[in-house]
Amino acid sequence: IEDKWQLRCIKSYSLEPPENTIEDSCLRFLTDWEHVLKYGLYVYGDTSGRNQQPVKKMRSFYDVLIESMRGYVNYDNLRLLKSNPFHEQRVHVINKILHDDIDIQVRLDEENGSECIVDLEKVKMDANGKKFKEKKKKDGVTFEIVGHHSDAFDYMLFYLIKKVFGTLPEWLKGTRL
């Protein structure tokens with residue numbers, strides 16, 4: 001569709017414990033996509049991932065990601081907002097994009113983007129307007145089974161809206177980015 005921006009999910013990943021670390025995710029991604037990484041790669045995500053984590057030996061999640069991507073990603077490839085958008089705002093914008101006829105079209109491939117589709121359909125809101133992320137326990141490890149794909153989708157989408165439009169498009173007036 002020529003007059004719309006298209007956001008297309010080519011592949012989504014959701015690894016379960018014990019193979020759900022940043023390092024494992026990067027390895028899986030490299031296995032699938034290393035042959036095209038010469039064209040460049042950008043990383044979008046949660047701004048709080050910049051915070052140092054004691055479980056990662058006082059490195060941030062992005063430090064670990066850059067190290068794990070073996071030279072394909074550096075700090076210049078990070079596309080992060082200054083702060084994460086509010087949950088209530090994210091719900092409003094995502095619903096508008098998925099359900100209204102606006103300047104952005106989202107295309108999620110049924111086969112390769114199915115985990116993102118399921119996540120967007122199943123994630124619920126809690127009483128405070130935040131995402132309620134259902135949890136599962138496997139091999140003694142508790143992890144969230146929904147919310148990761150929709151969070152990633154939100155962060156990338158909000159970053160792109162801000163960069164592509166520069167200012168809020170008319171259909172988002174009244175929403176703070």
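When a residue number appears, it is its place in the shown sequence, counting from 1. What's counted below: heavy atoms across the whole structure, side chains too, no hydrogens, waters or symmetry copies.
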Salt bridge or not for [X] and [Y], using N-O below 4.0 Å?
X	Y	answer
Asp119	Lys131	no
Lys122	Glu134	no
Glu67	Arg59	yes

Hey, does [Y] have a side-chain heavy atom less than 4.5 Å from the side chain of [X]?
X	Y	result
Asp32	Lys11	yes
Phe153	Leu120	yes
Ile10	Trp33	yes
Leu30	Arg70	yes
Asp151	Arg90	yes

Test the Lys162-Phe158 pair against the cation-pi criterion, namely NZ or CZ under 6.0 angstrom from the six-membered ring centroid and within 45° of the ring axis.
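Geometry flag: not set, cation outside 6.0 Å or 45°.
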
Which heavy atom in [X] sits nearest to a heavy atom in [Y], and how many Å separate them?
X	Y	result
Val123	Gly147	CG2-CA, 4.1 Å
Cys116	His149	CA-CB, 3.8 Å
Tyr72	Asn77	O-OD1, 4.1 Å

Grouping I, L, V, M, F, W and Y whenever their side-chain heavy atoms are under 4.5 Å apart, do [X] and [Y] come out in a common cluster?
X	Y	result
Phe132	Val118	no
Tyr13	Ile145	no
Leu37	Leu78	yes
Leu160	Leu81	yes
Tyr62	Met69	yes

Determine whether a donor-acceptor pair (N or O, by modelled atom type, separation under 3.5 Å) exists between the side chain of Asp46 and the backbone of Ser48.
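Side chain of Asp46 to backbone of Ser48, a donor-acceptor pair under 3.5 Å: yes, one is there.
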
Does Asp63 reach the main-chain N or O of Ser60 with its side chain, forming a donor-acceptor pair under 3.5 Å?
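Here the side-chain-to-backbone pair exists.
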
With rounding to the nearest 0.5 angstrom, report the [atom1] to [atom2] distance, [X] to [Y].
X	Y	atom1	atom2	answer
Lys138	Asn20	NZ	CG	9.0 Å
Glu144	Thr142	CD	OG1	10.5 Å
Glu115	Ser12	CD	OG	4.5 Å
Leu27	Glu34	CG	CD	9.5 Å
Phe29	Ser68	CZ	OG	13.0 Å
Phe143	Glu16	CZ	CD	4.0 Å

Apply side chain to side chain contact (heavy atoms under 4.5 Å, CB included) to residues Lys124 and Val146 and explain how you reach the verdict.
CA-CA 9 Å; Lys124 295 177 176 58; Val146 295; over 6 Å; no

Write out all pairs satisfying salt bridge (Lys or Arg N to Asp or Glu O under 4.0 Å) with one or both partners inside residues 71-85, taking only residues at least two apart or from two chains.
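The answer is none; no pair qualifies.
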
Check the orientation of Tyr44 and Tyr42. Use parallel for under 30°, tilted for 30 to 60°, and perpendicular for over 60°.
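Ring orientation, 0 to 90° scale: perpendicular.
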
Examine the side chains of Asp24 and Thr21 and answer whether a donor and an acceptor come within less than 3.5 Å of each other.
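Yes, side-chain donor-acceptor contact under 3.5 Å.
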
Once side-chain hydrogen bond (donor to acceptor under 3.5 Å, both in side chains) is applied, do any residues pair with Thr47, and if so which ones, sequence neighbours excluded?
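side-chain hydrogen bond (donor to acceptor under 3.5 Å, both in side chains) list for Thr47, sorted by chain: Asn84.
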
Would you say CZ of Arg28 has more than 12 non-hydrogen atoms from neighbouring residues, nucleotides or ligands within 6.0 angstrom?
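Count not over threshold, so no.
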
